[in-house]
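Everything on this sheet refers to the single structure shown next.
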Amino acid sequence: MNHKRPAGQAAPSPSLSLAPQPCCAPAAGWPLAGALALAALALAAPPAQADTVPDNMGARGVHGEQLAQVADPARRPRAAAGTLAVLYPDIGEPYRKVFTEILEGIEEQAQTRVHGYPVAASADPAELQATLKNNGCRVVIALGRQGLKTASGLDLPLGMVVGGVSSVPEADKLNGISLTPDPGLLFSHLKGLLPGVRRVIVVYNPHTNEPLIKLAREAARAQGLELQTLEATDLAGAVRRYETALAGADGRRDALWLPPDPLTVDEAVIVPMVLRESWNRNIAIFSSSILHVRKGALFALYPNNFELGRDLATLALARLNGDPARRGVAPLRAVRTALNTRSASHMGLNISASQQHSFDAIFPEP
């Protein structure tokens, strides 16, 4: 995934202590879809724990004032040297590139030395604890499930900020940003492409995604959309829910949302069935996964890794500067967009070349 560095931005300084080796882009000849898919897989693998997204976040959520500093360099908090550490999974290429991009965003925003530590499942907590103390690290940004697991077992003076995970248990007790795109952003993009849509249909597992759906209900109301929520707690139930929903859907006013849910959006059974039926019935599908756009969904939002790093750094620096810790893992707002032009054309949408340029990824690839 080749992200362009903002104009005028210098390359990150080589100050990542114990940071990963320079990461290369996928080998020449790889299609764009392959690179994007690998990045999505690296960050959005099916969670081992229940997906949870706090229900008290809107727009920029409770972190709005802190994250607003990202856009205004004069308002950026600064940290003393050696006080910020980043733990991320010790993983090989090409997946490591995703975490490298987040690290680059963290360092650019922090404007200070950042210690990066790749951690494996066999990492010695006592040794890492001693290293963090010797380096004067007081706040940790924990990336990925391995980073979160490792950081949770450490004694951190000012706690941790969580990022690079689709969900975390007890998200309301933590501080950070998930990889689940804000439903409000998804619905806004939907209305931009299909202003006639009035209802969004979603099948979800209440045991894992109730907080996300509560957030989505609020976002739908704010944008004048009806959110039809259908619960399913097993695969067979999910199949029945989709069959009923699609049979009664009207492509002129209805759209189907595929949320991040390994049960109700099963890749082997549900996704092929839903894509086939929605194509036949001319119903728009949108998603939180770029992989679904490659397969035929109309559009998706996916992480902008560099900007996510900047937002995580802002939260961490606020802690270092003595601001009260804000509880809750906010939904992702640092996003990129993907569009499937074949699906758009099938639905009768005329997406001009200039409009296509506003998307970060286009499928099918030219």
Side-chain angles (χ1 to χ4, degrees), residues 51 53-64 67-68 177-178 180-206 209-232 241-242 244-261 264-265 274 277-279 281-289 292-293 297-302 328 330-341 343-352 354-356 358-360:
D51 284 342
V53 178
D55 55 29
N56 60 342
M57 306 293 179
R60 281 275 181 174
V62 297
H63 305 300
L67 293 184
I177 304 170
S178 79
T180 302
D182 190 320
L185 290 181
L186 283 164
F187 298 161
S188 177
H189 278 78
L190 174 66
K191 291 186 69 175
L193 286 170
L194 295 167
V197 167
R198 295 291 179 267
R199 181 174 65 169
V200 172
I201 303 167
V202 59
V203 179
Y204 76 103
N205 182 353
N209 260 344
E210 190 61 57
L212 174 62
I213 296 303
K214 185 174 181 180
L215 181 65
R217 288 192 183 101
E218 296 171 358
R221 270 197 306 270
Q223 300 193 38
L225 291 170
E226 175 191 351
L227 185 67
Q228 181 182 3
T229 57
L230 304 173
E231 296 183 6
R241 286 295 199 180
Y242 279 114
T244 301
L246 289 169
D250 181 349
R252 294 167 298 181
R253 62 181 301 273
D254 294 331
L256 183 68
W257 172 29
L258 299 181
D261 190 326
T264 66
V265 190
V274 168
E277 290 303 311
S278 66
W279 179 273
R281 299 175 184 275
N282 213 34
I283 299 168
I285 290 183
F286 62 101
S287 172
S288 304
S289 170
H292 297 155
V293 180
L298 178 61
F299 79 92
L301 303 184
Y302 63 100
L332 180 72
R333 293 189 61 84
V335 297
R336 294 183 181 274
T337 55
L339 174 73
N340 189 304
T341 54
S343 296
S345 177
H346 178 73
M347 298 186 64
L349 297 179
N350 182 20
I351 309 295
S352 67
S354 61
Q355 287 177 303
Q356 291 184 31
S358 67
F359 289 84
D360 297 284

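Other residues, nucleotides and ligands contribute only 12 or fewer heavy atoms inside 6.0 Å of the CZ atom of Arg252.
Between the side chain of Thr264 and the backbone N or O of Val203 there is at least one donor-acceptor pair closer than 3.5 Å.
Between Leu185 and Leu332, the closest side-chain pair of non-hydrogen atoms is not below 4.5 Å. Two residues are said to be in side-chain contact when any heavy atoms from C-beta on lie closer than 4.5 Å; Pro331 and Leu215 meet this criterion.
Residues Ser352 and Ser354 have side chains that bring a donor and an acceptor to within less than 3.5 angstrom of each other.
Here Trp257 contributes atom CH2 and Ile213 contributes atom CD1; the two are 4.5 Å apart, rounded to the nearest 0.5 Å. Between Ile177 atom CD1 and Arg333 atom CZ the span is 11.0 Å, to the nearest 0.5 Å. Note that the CZ atom of Arg199 and the CZ atom of Arg253 stand 5.5 Å from one another [nearest 0.5 Å]. Atom CD of residue Gln356 and atom CG of residue Leu339 lie 6.5 Å apart, to the nearest 0.5 angstrom. Asp254 contributes atom CG, which lies 11.0 Å from atom CG of Leu225 (distance to the nearest 0.5 angstrom). Phe299 CZ to Ser287 OG: the interatomic distance, rounded to the nearest 0.5 Å, is 9.0 Å.
Of all the heavy atoms in Pro181 and Leu301, the pair that sits closest is CG-O, 3.6 Å. For the residue pair Thr337 and Ser358, the shortest heavy atom distance occurs at OG1-O, 3.7 Å. The minimum heavy-atom distance linking Ala219 with Pro183 is given by the pair CB-C, 4.2 Å. Smallest separation of non-hydrogen atoms from Gly184 and Gln223: O-NE2, 2.8 Å. In this structure, Pro260 and Asn209 approach most closely via the heavy-atom pair O-ND2, 3.1 Å. Of all heavy-atom pairs spanning Ile283 and Ala255, the tightest one is CG2-CA, 4.3 Å.
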(request) With side chain to side chain contact (heavy atoms under 4.5 Å, CB included) as the test, would you mind laying out the steps for Tyr302 and Val293 before giving the verdict? (result) CA-CA 11 Å; Tyr302 63 100; Val293 180; over 6 Å; no
(request) Begin with the C-alpha distance, continue with both residues' side-chain angles, and end with the deciding distance and a verdict on side chain to side chain contact (heavy atoms under 4.5 Å, CB included) for Val197 and Phe187. (result) CA-CA 10 Å; Val197 167; Phe187 298 161; over 6 Å; no
(message) Walk me through whether Arg281 and Leu246 qualify under side chain to side chain contact (heavy atoms under 4.5 Å, CB included).
(response) CA-CA 8 Å; Arg281 299 175 184 275; Leu246 289 169; 4.3 Å; yes
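Qualifying salt bridge (Lys or Arg N to Asp or Glu O under 4.0 Å) partners for Arg217, counting only residues two or more places apart in sequence or in other chains: Glu210.
Among the candidates Val200, Leu258, Leu298, Leu193, the single residue satisfying the side chain to side chain contact (heavy atoms under 4.5 Å, CB included) test with Phe286 is Val200.
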